[in-house]
Amino acid sequence: EKFEITKEQQDFMNVILDAYNRHQIPPDVAKKLLQEQYSAEENFLLLTEMATSQVQVLVEFTKNIPGFLSLDHEDQIALLKGSAVEATFLRSAQAFSTKMPSGHTEVLEERIRKSGISEEFMTPMFNFYKSIGELHMVQEEQALLTAITIMTPDRPYVKDQQAVERLQEPMLDILRKLCALHHPGEPQYFARLLGRLTELRTLNHYHAEMLTSWRMNDYKFTPLLCEIWDVQ
Ligand SMILES: CC(C)c1onc(-c2c(Cl)cccc2Cl)c1COc1ccc2c(ccn2Cc2cccc(C(=O)O)c2)c1
């Protein structure tokens, strides 16, 4: 049956979901959101800490995606570097729309709005957060969409794109079936999810500009962020 999730697909899904849930931003980092006082510098430092923690979470999650560790090592790095910003946008969108305890969301939005990011990037960023929130994704869909984003074959410097395609395709098939299962009344739901992946790519461009403007104002990043985002 076209939409029947097979036993091995269910097992695969459980591996991805367990990895997605096991690696969370440490609660003390999320808690700081409420405590630290407001200033552009303080907000930037908090967001930098969250982004750094998010990259560590991302690396651990990625290592648990079946097949990732058997890829060429340089391709593993190319996939992580190529997807880090998109995966963080997805994770931060999900933090906004579901997991954050009430009250955190407003504080988080406030801190992002006052962290030295110029107005022109706020609109696309918060439009994306809104468009993800409106999808009401279940956890499995969130976890799979993140894994699919990471396993994007046409990232810069990926040598063996076919090997990445072979890992991404089975995940797209499971996602298609999950969408039919969890959103029976919306036959276009799967297509809408994939549309978000296209929107994500445009955010890479805005993010590169955000980095440039922060650096021009002498904001500093952590070594891990400098490495994954190729700055400094
Ligand atoms: C270096 C820093 C200023 C930065 O540069 N670009 C972005 C940046 C920005 Cl400003 C937006 C989107 C992507 C990036 Cl990289 C950021 C801030 O990055 C983050 C990273 C993670 C974020 C946030 C916001 C929320 N989250 C996720 C989150 C927070 C708290 C709890 C949980 C949880 O899972 O429990 C998750 C910001």
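These numbers were taken from a predicted model, which means no experiment stands behind them. For ligands, and for the atoms within them, numbers begin at 1 and follow the listed sequence.
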*Asks:* Can you check which of Ser92, Gly116, Ala93 brings a heavy atom nearest to atom 25 (C) of ligand 1?
*Replies:*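 Nearest option to atom 25 (C) of ligand 1, by heavy atoms: Ser92.
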*Asks:* I'd like to check which ligand 1 atoms, numbered from 1 as shown, lie under 4.0 Å from a non-hydrogen atom of Arg91.
*Replies:*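 Near Arg91, the atoms of ligand 1 are 34 (O).
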*Asks:* Mark up the atoms of ligand 1 that fall under 4.0 Å of a heavy atom belonging to Gln54, in ascending order.
*Replies:* 21 (C), 27 (C)
*Asks:* Taking the side chain as everything from C-beta on, heavy atoms only, tell me whether Gln142 gets closer than 4.5 Å to Tyr20.
*Replies:* yes
*Asks:* Between Trp214 and ligand 1, which part of the residue brings a heavy atom under 4.0 Å of the ligand: side chain, backbone, both or neither?
*Replies:* side chain
*Asks:* What part of Tyr129 sits under 4.0 Å from ligand 1 if we count only heavy atoms: the side chain, the backbone, both or neither?
*Replies:* side chain
*Asks:* Could you check whether Thr222 and Thr52, counting side-chain N and O atoms only, form a donor-acceptor pair closer than 3.5 Å?
*Replies:*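 A pair is found: one side chain offers a donor N or O, the other an acceptor, under 3.5 Å apart.
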*Asks:* Spell out, as yes or no, whether a donor-acceptor pair under 3.5 Å connects the side chain of Asn43 to the backbone of Lys114.
*Replies:*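 It does hold such a pair.
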*Asks:* Is NZ or CZ of Arg113 both nearer than 6.0 Å to the six-membered ring centre of Phe126 and within 45° of the ring axis?
*Replies:*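 Yes, a cation-pi geometry holds between Arg113 and Phe126.
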*Asks:* Which is closest to atom 19 (C) of ligand 1 by heavy-atom distance: Thr52, Leu211, Thr105, Thr88?
*Replies:* Thr88
*Asks:* With a cut-off of 4.0 Å, which atoms of ligand 1 are near a heavy atom of Leu225?
*Replies:* 1 (C)
*Asks:* Looking only at distances, please establish whether an N/O atom of ligand 1 is found under 3.5 Å from an N/O atom of His207.
*Replies:*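 Such a contact does occur with ligand 1.
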*Asks:* Any idea how Tyr219 and Phe44 line up, ring-wise: parallel (<30°), tilted (30 to 60°), or perpendicular (>60°)?
*Replies:*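 Tilted: the ring planes of Tyr219 and Phe44 meet at 30° to 60°.
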*Asks:* Contact between Trp229 and ligand 1, counting heavy atoms under 4.0 Å?
*Replies:*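 It does, in that a heavy atom of Trp229 comes within the 4.0 Å cut-off of ligand 1.
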*Asks:* Any chance the rings of Phe128 and Phe96 have centres within less than 6.0 Å?
*Replies:* no
*Asks:* In ligand 1, which numbered atoms sit nearer than 4.0 Å to a non-hydrogen atom of Leu108?
*Replies:*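 Those qualifying, in numeric order: 24 (C), 25 (C).
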*Asks:* For a side chain to side chain donor-acceptor pair (under 3.5 Å) with His183, tell me which candidate from Arg192, His136, Glu141, Gln188 qualifies.
*Replies:* Glu141
